[in-house]
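Notes to accompany the following structure.
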Amino acid sequence: MKNKYDFGELESKWQTAWEEEGIYHVNPHETKPKYYALEMFPYPSGRLHVGHTRNYAIGDVIARFRRMNGFCVLHPMGWDAFGLPAENAAIERGIQPSQWTSGNIQHMRSQFMRLGLSYDWRREVASCHPGYYKWTQWLFLQLLKHGLAYRKKAQVNWCPKCQTVLANEQVVEGLCERCDTEVTKKELEQWFFKITDYADRLLENLETLEGWPEKVKIMQKNWIGRSEGVEVVFKLKDTGDDIPVFTTRHDTIFGVTYLVLAPEHPLVEKIISGSPREQEIRKFIAGVSRVSEIDRTSELTEKIGIATGAYAANPMSGQEVPVWIANYVLPHYGTGAVMGVPAHDMRDFEFAKKYGLPVKVVIVPPDQAHCQCETNEAYEEPGVMANSPGFDGMPSDKGKNAVAEFMESHGIGKRTVNYKLRDWLISRQRYWGAPIPIVYCDSCGIVGVPEEDLPVELPLDVEFRPTGQSPLNDIPEFVNTTCPKCGGPARRETDTMDTFMCSSWYFIRFTCPRTDDRPWDPDTANYWLPVDQYTGGVEHAILHLMYSRFFTMFLSDIGLIKTKEPFARLLTQGMVLKDGAKMSKSKGNIVSLEEMLDKYGADTTRLFILFASPPERDLEWSDQGVEGASRFLGRIWRLVYEFQNELASYDSAQRERSGLTSEEKEMRRRIHATLQKVTQDLERYSFNTVVAGIMELVNALYQFRDVARTRREAMGIMGEAVRTVLLMLAPFAPHITDELWHEIGYKRSIHEENWPAVDESALVETQIEIVIQVNGRVRDRMHVAKGRDSEYLRREVLARDRVKELVEDKDIREVFVVPDRLVNIVTS
RNA sequence: GCCGGAGUGGCGGAAUGGCAGACGCACGCGACUCAAAAUCGCGCGGAGUUAACUCUCCUUGGGGGUUCAAGUCCCCCCUCCGGCACCA
């Protein structure tokens with residue numbers, strides 16, 4: 001054994017050995033309970049950074065801990081390999097997206113290896129592989145078959161210079177992220193998934209996800225944005241057209257003083273054409289639609305509107321109110337028309353003040369007898385209805401029900417639920433994605449590619465023209481095909497799928513990564529699913545995690561899997577910061593993972609990351625902290641080195657447990673108390689305190705070295721301690737622990753060992769320290785036998801000289817005794 | 001604006017309502033060494049007090065409260081971080 005910890009040689013040695021022996025390979029097991037540990041698979045951007053490392057280090061500790069606890073652990077890794085950066089690389093460097101991606105995957109896989117992560121690499125998947133995206137396409141067809149995939153016109157972000165569609169994330173402050181051209185909007189036929197059909201279930205099921213952070217559940221809840229209200233119909237005065245309006249405040253219906261339509265509302269055209277102010281209004285609408293949706297929906301944007309000259313009748317009061325058009329009404333939410341109640345809605349109030357529209361108070365605060373007719377702000381709280389014939393005096397919450405019932409019984413409105421959640425637009429005018437398996441035929445229309453013809457393969461050798469258009473359009477062999485129905489000439493869909501689609505089911509594919517006649521084998525998938533522990537960044541709290549839930553619900557509805565929720569427990573780890581800020585190239589505060597691995601090795605890097613901060617909190621990078629982690633591993637190395645011969649020859653069978661000295665007993669107590677704490681802390685993912693606990697034990701062992709040398713029994717305890725330390729540390733620092741495990745005489749890998757059991761008998765303490773307080777302040781302490789009752793403790797404490805001195809001239813009012821803990825004497 | 005989360009030594013961070021500051025970093029001292037590094041050991045919130053073992057007081061963003069006892073529970077306020085943001 002070397003006297004010095006030399007991580008470089010040792011780490012690569014074990015990585016090779018583990019891979020050769022396949023110790024992390026897993027298959028369904030008949031008797032062991034299953035455990036599916038998963039970390040979010042990365043986009044192969046080029047290299048892993050320390051942020052990734054944190055994610056994967058956390059996941060690896062969880063997987064290894066479960067494995068040692070007798071679970072059959074599925075722990076796979078793969079690549080979310082489609083996406084835009086590959087196309088940018090193609091344009092910038094003239095390299096094929098596929099080549100660029102596979103080069104990155106190779107490099108990053110080797111980085112994964114260097115980190116010593118316990119993956120079953122036989123199960124690796126890449127979403128850009130035809131064997132994978134064949135089934136992504138197949139899933140698209142299932143959605144199509146069940147009426148959940150449909151096509152409609154939608155506005156998309158369009159860069160006139162690049163001649164292409166941009167995703168929202170590619171629009172930076174209204175400009176194209178690549179060429180800084182102002183982004184415009186364009187109507188295109190797009191594919192959508194009807195995720196809104198699942199809105200209620202996505203919301204309701206959140207309550208069943210006990211292992212999810214509250215924060216993520218709230219974010220999803222807000223995103224779904226369910227709101228209950230009524231849809232009530234106003235009639236246009238001249239034409240008699242219906243204008244349905246959605247409101248959650250139907251108790252304020254008598255306070256309506258105007259109606260507003262979104263500029264995109266279908267009735268707008270009919271109302272304005274031929275009106276005397278037609279030109280003026282058209283100009284206004286054009287002005288509004290020029291603004292991007294992001295700016296338009298910002299609260300900061302000034303509310304502007306224009307009167308149409310038309311009037312509509314309030315179905316409850318019969319009162320006629322002017323119809324306006326305004327930028328603050330959104331076409332996609334509710335009915336695209338809003339009733340204006342300035343007295344009880346801040347936005348309406350602001351708008352009414354600006355344009356001189358009347359304010360009519362119909363809700364009075366509960367504590368006010370009379371209506372306050374001069375208001376300078378909207379009263380939005382509940383109150384008592386007023387100026388509402390037939391409903392006056394009703395509390396507004398009751399009034400809502402009464403109004404809704406009245407509307408329903410008179411056929412002028414009905415109760416409705418609205419959601420902020422919109423259908424999922426999955427079309428991308430991109431090359432590097434899974435092609436949408438659709439064919440357009442002049443006689444048959446939209447035709448799904450037959451399942452047996454999948455995959456629709458992406459041509460790999462493509463030319464990127466500076467037009468920025470998807471190169472698929474330029475490949476006649478791809479575009480031109482025959483209609484699967486009629487055999488006539490047809491065109492292929494050239495759009496590809498949103499990459500979130502690829503990542504919405506990969507956790508199922510991992511259960512059967514090489515099955516090629518179906519997406520997965522149901523029995524195997526049902527054996528493994530759901531994922532028991534999912535670990536990843538909180539940035540995916542909404543999109544990825546909600547899409548995956550949607551897919552899982554759909555697949556369970558059509559009987560392809562049993563589980564209704566994909567991830568039983570979710571851990572969202574915090575960011576890695578340097579100098580208080582997120583690492584970024586522009587700030588120049590990047591910590592290079594490669595450098596860390598070269599300089600300190602994987603074990604130290606992992607240990608530091610897990611020790612520096614609790615997993616869900618942000619982590620401040622510290623080079624000195626890394627030094628500390630490195631020093632600790634060196635300390636363990638030297639401890640084992642010092643006792644190697646003795647440890648190798650004293651196996652556990654020779655361990656003496658009776659007739660121990662008090663010092664020896666205390667050492668054994670510490671070993672098992674630490675083991676107990678570490679086990680508990682691992683269960684609750686408190687990795688930083690686990691490491692701290694092991695450090696404390698090692699510190700104690702350094703103090704115990706001289707005792708250990710005194711006799712055989714003591715050395716036996718040293719051996720027990722070292723073995724326990726190595727086992728506890730194995731999930732964190734897998735290389736050094738395996739090396740030392742072999743150095744003390746074991747032949748099998750430490751990663752195939754079981755988690756040690758706490759010896760309860762070692763924990764029994766005979767003497768206990770009792771804290772003595774006077775008026776809540778610690779004034780003394782004493783040692784007594786464990787388990788003494790309150791009466792005994794009270795007597796003993798009051799008999800002490802120190803206590804007598806302290807309470808001398810005062811009356812003792814009360815004495816609180818917490819057995820085995822503390823005594824508090826309260827004096828007057 | 002709304003919804004989350006956090007605020008504890010010089011720093012990262014510990015603490016089922018029961019000894020605040022575990023563990024690590026930084027720093028100081030000692031041992032080893034010709035010397036340095038590495039290592040091993042000791043100390044380390046602040047103020048005061050004692051010749052000394054000591055003893056006392058203050059201290060978990062600020063202010064109130066509940067309790068024998070509060071970093072922890074309740075109310076109000078401040079700061080920082082994250083998410084949402086005209087959703088009718």
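Sequence lines set the chain letters: A, B, ... in the order given, protein chains first and strands last, and positions in each chain run from 1. All values reported here derive from a predicted model rather than from experimental measurement. These values consider heavy atoms only, across backbone and side chains, with no hydrogens, waters or symmetry-generated copies.
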Can you tell which of [options] lies closest to the side chain of [X]?
X      : options             : result
A/K215 : B/G13, B/U56, B/G82 : B/G82
A/P614 : B/C55, B/A14, B/A22 : B/A14
A/Q624 : B/A14, B/G18, B/C25 : B/C25

Taking the six-membered ring for Trp and the single ring otherwise, decide whether the centroids of [X] and [Y] are under 6.0 Å apart.
X      : Y      : value
A/Y600 : A/F7   : no
A/W424 : A/Y547 : yes
A/W621 : A/F608 : yes

When rounded to the nearest Å, what value does the distance between [atom1] atoms of [N] and [M] take?
N     : M     : atom1 : value
B/G61 : B/U79 : C1'   : 7 Å
B/A51 : B/C55 : P     : 16 Å
B/A36 : B/C81 : C1'   : 45 Å

Is the distance from OP1 or OP2 of [N] to the nearest side-chain N or O of [X] less than 4.0 Å?
X      : N     : result
A/R779 : B/C57 : yes
A/T689 : B/A22 : no
A/R638 : B/C40 : yes
A/Y702 : B/C40 : yes
A/R635 : B/G24 : no
A/R631 : B/A38 : no

Figure out the [atom1]/[atom2] separation between [X] and [N], and round it to whole Å.
X      : N     : atom1 : atom2 : value
A/E769 : B/C19 : CD    : C1'   : 8 Å
A/M575 : B/C80 : CE    : P     : 16 Å
A/N775 : B/G18 : CG    : C1'   : 15 Å
A/N688 : B/A15 : CG    : P     : 7 Å
A/R821 : B/C19 : CZ    : P     : 7 Å

Base, sugar-phosphate, or nothing: which does [X] touch, judged by heavy atoms less than 4.0 Å apart?
X      : answer
A/V338 : base
A/N699 : sugar-phosphate
A/E814 : nothing

Where A/Y5 and A/D603 come nearest, the two heavy atoms and their spacing: OH-CB, 3.9 Å
Cationic tip of A/R635 above A/Y702 ring, under 6.0 Å, 45° of axis: yes
Side-chain touch A/Y355/A/I304, heavy atoms, less than 4.5 angstrom: yes
Heavy-atom donor-acceptor pair, A/R813 side-chain to B/C68 base, under 3.5 Å: no
Chi class for B/G9: syn within 90° of 0, otherwise anti: syn
